[in-house]
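Worksheet: the structure to be examined is printed underneath.
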Amino acid sequence: MNTTTVHPVIAEVTARIEQRSQQTRNVYLARMQQAAIRDNRHHLACGNLAHAVAASPTSDKFKIVASKTPNLGIVTAYNDMLSAHQPFETYPALIKQAARAMGATAQVAGGVPAMCDGVTQGQPGMELSLFSRDVIAMAAGIALSHNLFDAAAFLGVCDKIVPGLVIAAASFGYLPCVFLPAGPMVSGISNDQKAKVRQQYAAGQVGRAELLEAEMQSYHDAGTCTFYGTANSNQMLMEFMGLQLPGSSFVNPNTPLREALTVAGTEQVLRLTADSGHYTPACEVLSAKAFVNGIVGLNATGGSTNLVLHIIAMARAAGLIVRLEDFSDLSALTPLMARVYPNGSADVNHFHAAGGLQFVIRELLAAGLLHEDVHTVAGFGLHHYTQEAKLDENGKAIWVEGAAKSHDTEILRPYTEAFQTSGGLVTLRGNLGEAVIKVSAVKPERRVIEAPAKVFHDQEDVKAAFKAGELTGDFVCVVRFQGPKANGMPELHSLTPILGVLQDRGQRVALITDGRMSGASGKVPAAIHLSPEAMDGGAIAKIREGDLIRLDAEQGSLTVLAADFESRSAVVANLEGNEAGLGRELFQVFRQAVGSASKGASALFATEG
């Protein structure tokens, strides 16, 4: 067990989160304690129970009714359109079998939607993406509201699915829970090659046929996309926060080890139920220390900027108030230990083979940059997560000590020899408000830019200007009215190839937006999640074409250098085009109720924290 004293900055950030959250956390924990007594299946009436087991096999039916053995609720994001979630088709049968072998039972409590940002990228459907996180939390809440379960198993992987499920897990925090991932697809063409073809297409050097061929060679099998975007950053987070088994994040689907880990996860969560003697409810796992560990992991591995939004929202569901300065302070302290695309050329399979999360956690624990004293689904103490999963001679999952050194220092390095001394997530502040920028893939000479603004209200207008040859010289691309209240805060990742082409031509360019970029944001400096957003009359709505803007990621500033800027009126945009089509009309209530990006852009906690 690690006995290193935690670093003073880690201790200070954790203490201030706990202090500012004292009232909300105490209310949350009290609610969980009351629910543990009040909300359980022992209180169900005979009619309730009869409905709940009517379709169950006879052998399960009487165990559930007797309430003497645990019943595990499965919440699944399965669909067979999306590669990351298709493997979950077979999980419920496997989980039920594993539960029965322990004398317990399991039922599919319900399903949650799982949309793919890769499919909706640059399309109107992307405007539902961020809101789907709250819908997923609510759908999982409906599934578990039947009050029939002693623990929960969550099957989900991708961008909004895991955060939504964590919010639900926090809401039902008196239940033990485990996350059972599906793993990444095997490697296809290299990420560098894929990015090159995208830029060639944006520049008109190759056609749609060549682009489609490259994309299908990259996204070609069951499992998550292999770059280190939001989906795989989610998997990292679940290990750093102790919500899934050690070493389970990046094991490929449909392999013996993947199946063994699903069985082991089922067995483990059933050992943590209230009557087991090892009761470990999710509310104990979801502590301030766990969230700090997660933020450190995000920075050490160069993970997705989307998790800045999601961690704030997930923490709030557990009664904790996390702010952007917590990310900045932890980022400044945390060395960047991994180079995984878009921060390098390797994919997550290469990262896993080089030593993966177990090596990173081992190193960070030794440096005092993680809290060891946390509850996890694997047991008390984060040291469990320095172990990697293997198969024994009977095909069961066992754990052995993970890599003590990197197997490829081009991908993974010890903290003393890190790629950068900081994690690369920087908070920007100035007369435009507050934004974040990820600089881990941005060359140092491009981290400060002072250039005139080119202002757009739609990403399609940026693409049209590029095709017309209007994006000349150095400039800051301002894309506003992309915040959660305006249109659901879509990712603007489809602008990356365009801006990348211009940067490669020698132009100095940057992006400023009140929207999101993506876990795949890379070499172009992008100030994102700007708050207040334009729809709220934020300062971004005062920018005029040609205004000189200074983005300084070294000093953490974002400023419009115009003498009359403060006295200007905010521009108002016609957003009628965002209100309907592809389901957008159903989400008007979310646009009206959603909170700011700095508070997690959630409609569930819009006015709190």
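Hydrogens, waters and symmetry mates are skipped; everything else that's a heavy atom, side chains included, is used.
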Side-chain donor-acceptor pair present, [X], [Y], cut-off under 3.5 Å:
{"X": "Gln121", "Y": "Glu491", "result": "yes"}
{"X": "Arg31", "Y": "Gln34", "result": "no"}
{"X": "Gln482", "Y": "Glu533", "result": "no"}
{"X": "Asn79", "Y": "Gln86", "result": "no"}
{"X": "Ser598", "Y": "His529", "result": "no"}
{"X": "Glu325", "Y": "Thr427", "result": "no"}
{"X": "His493", "Y": "Thr496", "result": "yes"}
{"X": "Thr230", "Y": "Asn306", "result": "yes"}

Full working for side chain to side chain contact (heavy atoms under 4.5 Å, CB included) between Phe179 and Leu155: CA-CA 6 Å; Phe179 281 69; Leu155 314 184; over 6 Å; no
Which atom of [X] lies closest to which atom of [Y], heavy atoms considered:
{"X": "Ala300", "Y": "Val360", "answer": "CB-CG1, 4.2 Å"}
{"X": "Leu357", "Y": "Phe240", "answer": "CD2-CE1, 4.1 Å"}
{"X": "Thr301", "Y": "Asn343", "answer": "O-ND2, 4.4 Å"}
{"X": "Val162", "Y": "Val157", "answer": "CG2-O, 3.2 Å"}
{"X": "Ser233", "Y": "Ser304", "answer": "OG-N, 3.0 Å"}
{"X": "Pro253", "Y": "Ala222", "answer": "CG-O, 3.6 Å"}

Residue from Val285, Leu382, Val292 passing side-chain contact (heavy atoms from CB on, under 4.5 Å) with Val374: Leu382
Ser83 and Met185: CA distance, side-chain angles, deciding distance, side chain to side chain contact (heavy atoms under 4.5 Å, CB included) verdict: CA-CA 8 Å; Ser83 62; Met185 66 179 69; 3.6 Å; yes
Parallel, tilted or perpendicular: rings of His85 and Phe88 (30°, 60°): tilted
Geometric class of the Phe587/Phe131 ring pair [parallel <30°, tilted 30-60°, perpendicular >60°]: parallel
Within this structure, what is the [atom1]-[atom2] distance for the pair [X] and [Y], rounded to the nearest 0.5 Å?
{"X": "Ser596", "Y": "Lys485", "atom1": "OG", "atom2": "NZ", "result": "8.0 Å"}
{"X": "Met115", "Y": "Ser132", "atom1": "CE", "atom2": "OG", "result": "5.5 Å"}
{"X": "Leu286", "Y": "Phe291", "atom1": "CG", "atom2": "CZ", "result": "5.0 Å"}

Close side-chain approach of Leu72 and Leu270, heavy atoms under 4.5 Å: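 A side-chain contact under 4.5 Å exists here.
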Close side-chain approach of Ile312 to Phe605, heavy-atom, < 4.5 Å: no
Does [X] pair with [Y] as a salt bridge, N-O distance under 4.0 Å?
{"X": "Lys160", "Y": "Asp117", "answer": "yes"}
{"X": "Arg516", "Y": "Asp159", "answer": "no"}
{"X": "Lys289", "Y": "Glu372", "answer": "no"}

Sequence-distant partners of Arg20, salt bridge (charged side-chain N to carboxylate O under 4.0 Å, His left out), two or more places apart: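 Salt bridge (charged side-chain N to carboxylate O under 4.0 Å, His left out) list for Arg20, sorted by chain: Asp326.
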CA sep, side-chain torsions, deciding dist, call: Arg271, Gln268, side chain to side chain donor-acceptor pair (under 3.5 Å): CA-CA 5 Å; Arg271 296 187 188 104; Gln268 183 61 14; 2.9 Å; yes
Worked verdict on Arg25 versus Ser287 for side chain to side chain contact (heavy atoms under 4.5 Å, CB included): CA-CA 9 Å; Arg25 180 67 172 175; Ser287 65; 4.2 Å; yes
